[in-house]
Amino acid sequence: MSEYDSYGSGDELFDDVNVESLVATTKRARAADDDDQQQTQQPDKRIKTQNTEDTEHNTIANEDIDDEVLGRLAKTALKENFGFEIFRHEQFAAIKSSLRGHNVLVVFPTGAGKSLCYQIPAITFEKVDAINGRGGMVSGITIVVSPLIALMKDQVDALLRRGIAAACIDSSKTQDQVQLTMAAIRKGQLRLLYCAPERLNNEGFVESMKHVPGGVRLVAVDEAHCISEWGHSFRPDYLKVARFVEEVKAERVVCLTATATPRVADDVANAFNVQKSNIFRTSPYRPNLQLCAESGMTKQGKFPKIFAFLRKHPGSTLVYVTLQKQAEYLAADLIEQGFDAVAFHAGLPTDVKVKVQDDFMAGRVRIVVATIAFGMGIDKPDIRNILHFDLPATVEEYSQQIGRAGRDGKPSYCMFYLCHEDFYIRENFARGDLPSLQSLRRLLDDIFHRPAVPAVEGNVIKLNQTALGQDYDIRSSPLAILLSTLELRFGLIRAITPEYTSYKFEAKHGYLMKNPSTVNSKEEKAILLNAKKAITLYTIDVNATANSAGLLRADIIRKLNDYHDSGIIQLKTGGVENRYKILKPLPNTAKEIDEITDKVYIDMQNREEDALKRTQEVADLITGDKCFALSLAQHFGMSLPDGLTKCGHCTHCLTGKRVILPPMQPPPVNLKGIFNILQECNVRDDPRFLARVAFGIKSPRVIQLKLHTSKVFASLADHDFKSLLKEFTKACEAANFKNEDRLPKPTARSSVGKKAGKYTGKYTGSYAGKFTGSYAGKSTGSYAGKSAGKSTGKYGSRYK
Ligand code: ADP
Ligand code: MG
């Protein structure tokens, strides 16, 4: 998550926003212009973003404006503000549509110029207003929701250089900076405001945006595919963007993405009420990319092929792998072979990441071996080769990665090496994201029975996602999706600004010189009296301090941030605790909780199957009997230009043959292997957990029980996962039957923490009988051994 704007310091800055005072402030600003005019004109310009039947009809104040006039305004802005002569692709159509007040969806490849599709409207509203007779008022604001801080900063800098008033509010901003920005917004001085989707969890921020003078003219949703579960990088916080659009009564929405299958485009269009005629897309076909693929080798066999390829094909190269460790190993291998290579992944320190990017951009390093983390915002024109060492998760991911080659239009190679072993990591991830039904049930039970604490926002429950993940053996990404489901689908809770549970600081001279009896402010006094020195750092319990001094938590935090900003202390925050306002009475009875568990679990199971299916689609694209470029275009609901059915230079077109990957049958279930796992691991309440151990899937509970270092971990990695699950289900049922304890234990904690002792139950008997049969000898087949080694070694690292 490091490169995303996560809940950073700065969110608290809105906690104490007083909505009443904002309303008043806004009114004052409007009165200065013309309050009456504002009130009569504003409402009918608003569009509803809910799925109402004829949204478009009650919206358009600009429908009467001549197309030519809008076109002229847009072209003037293009030239005067950006210095460009002509619009590219469908920019012009999208901009005009947006100026008319329609919600639009723009699907252009990266680098094609999506930003102008909202930047030009943002600076043109004023002129359209003047024509509409709405002139002379504050022109309102455009809010851009974008997931990457670095990209937001680049965009804001570029706009400022062009004399366009823009700012971003992100976690790196100090309180003063944020307040300056808010003041500028209140005075109607800002045209564009960039923020991360997480910001929308901040009620103070949402309230402020409801009362912006002139209103929210446009919400631009960058990387809009993140809103779709069927997209390749679903981010639950994106689901809240649509709610935000409604809450702030944004006049229109511009959604932007580089990759959207028809299904994803549908999802985005539904979420933001975009009509078919307002979807603008260009073909993803890139004639200068030569799409190549080879199969039939082993994973090991890919190394010599990559070396040979790189010797033959010069130029800047990205090699994509799935795991962080793999990036490091392969980069080291390449260096050993005399190549100029370096690894990049999200686990590297920020300064190293920045250096790798800079070196690559400047041509100081030729090859970057990267995980999916590399690429967003990389716009190097002369990347000559993209190699795939591992199987991408989805066709969209593949498409985005190869799309980084040859931006300069010169011939470039995309080489894909495919083998059977590739599927293992992908299946490992997909299966690992589905918790067991029992875990989910217990988790929901815990959430719904959390004590509600009164807070400024109302009754609130607090959840620490890391602890929940560990207690209920669920990974962070499905947990985040689950919480957003409770919020958006069931409307039970609503995320509000998270809190840090831990505030520590290093005291500098300025702090040490302060005396609690002589300081002026109550907050300072409270901090000085309550911060306790440990070995080197001071720790302060912010809630307790606020309570005992009768102050607001936000005030204490603000003061700590002030101290930090003025160098008196070095603040270290940690332990994010998510807070949720309770919106409805939470399910309480066993029946209610069972019902919701079942509903949620079905979704999760579908997601698991879907992930596997989508990986298969990547392999199908490469091994299908069709031109690769055509398959790729069709995946996105498009075709090749001029109705062509062949690109003429992909592996399929060049050889006239399919790339073959002969099917591989998983071995029959190794019952001795099953028995060994049951012996090593005494968990009997969760067959899925046992199957994960057998398959080599890490989960919070696996790690807690240290099973990932056990010899049985991944010992059946070559097996069909569902067959494993079936066997372990039988084993657990039998064990629980014997123990007359068929019900799941009340909390996961009961079994977590116990050492994974040897299994010595009676159940041994029946299995012992079975495994002495023909499978016994096969138990350590070569593939299982190999995979096991990899799973704990190269494959055992963190994804991305
Ligand atoms: P995207 O968001 O689609 O990846 P950007 O909006 O960042 O692309 O634009 C990529 C580059 O193309 C930017 O440098 C931008 O200034 C430039 N650009 C966009 N539209 C035009 C145009 N009509 N004429 C010339 N350059 C353009
Ligand atoms: Mg962009």
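For the numbers below, each heavy atom of this structure counts, side chains included, while hydrogens, waters and symmetry mates do not. We count ligands from 1, going down the list as the structure has it; atoms in each ligand are counted the same way.
- Using a 4.0 Å cut-off between charged side-chain N and carboxylate O, K380 and D382 make a salt bridge.
- Each of F84, I86, F87, R88, Q91, P109, T110, G111, A112, G113, K114, S115, L116 has a non-hydrogen atom positioned under 4.0 Å from some atom of ligand 1.
- Among Y320, F628, F389, Y398, the single residue meeting the ring pair (Phe, Tyr, Trp, His ring centres under 6.0 Å) criterion with F416 is Y398.
- Contact check on R614 versus D610 returns a salt bridge, with a Lys/Arg side-chain nitrogen under 4.0 Å from an Asp/Glu carboxylate oxygen.
- Between S139 and R191, the side chains place a donor N or O and an acceptor N or O closer than 3.5 Å (distance only, hydrogens not considered).
- Note on ring orientation: taking the six-membered ring where Trp is involved, the planes of F108 and H89 are tilted (angle from 30° to 60°).
- Residue pairs meeting the salt bridge (charged side-chain N to carboxylate O under 4.0 Å, His left out) criterion with at least one member in residues 80-91, sequence neighbours excluded, are K79-E85.
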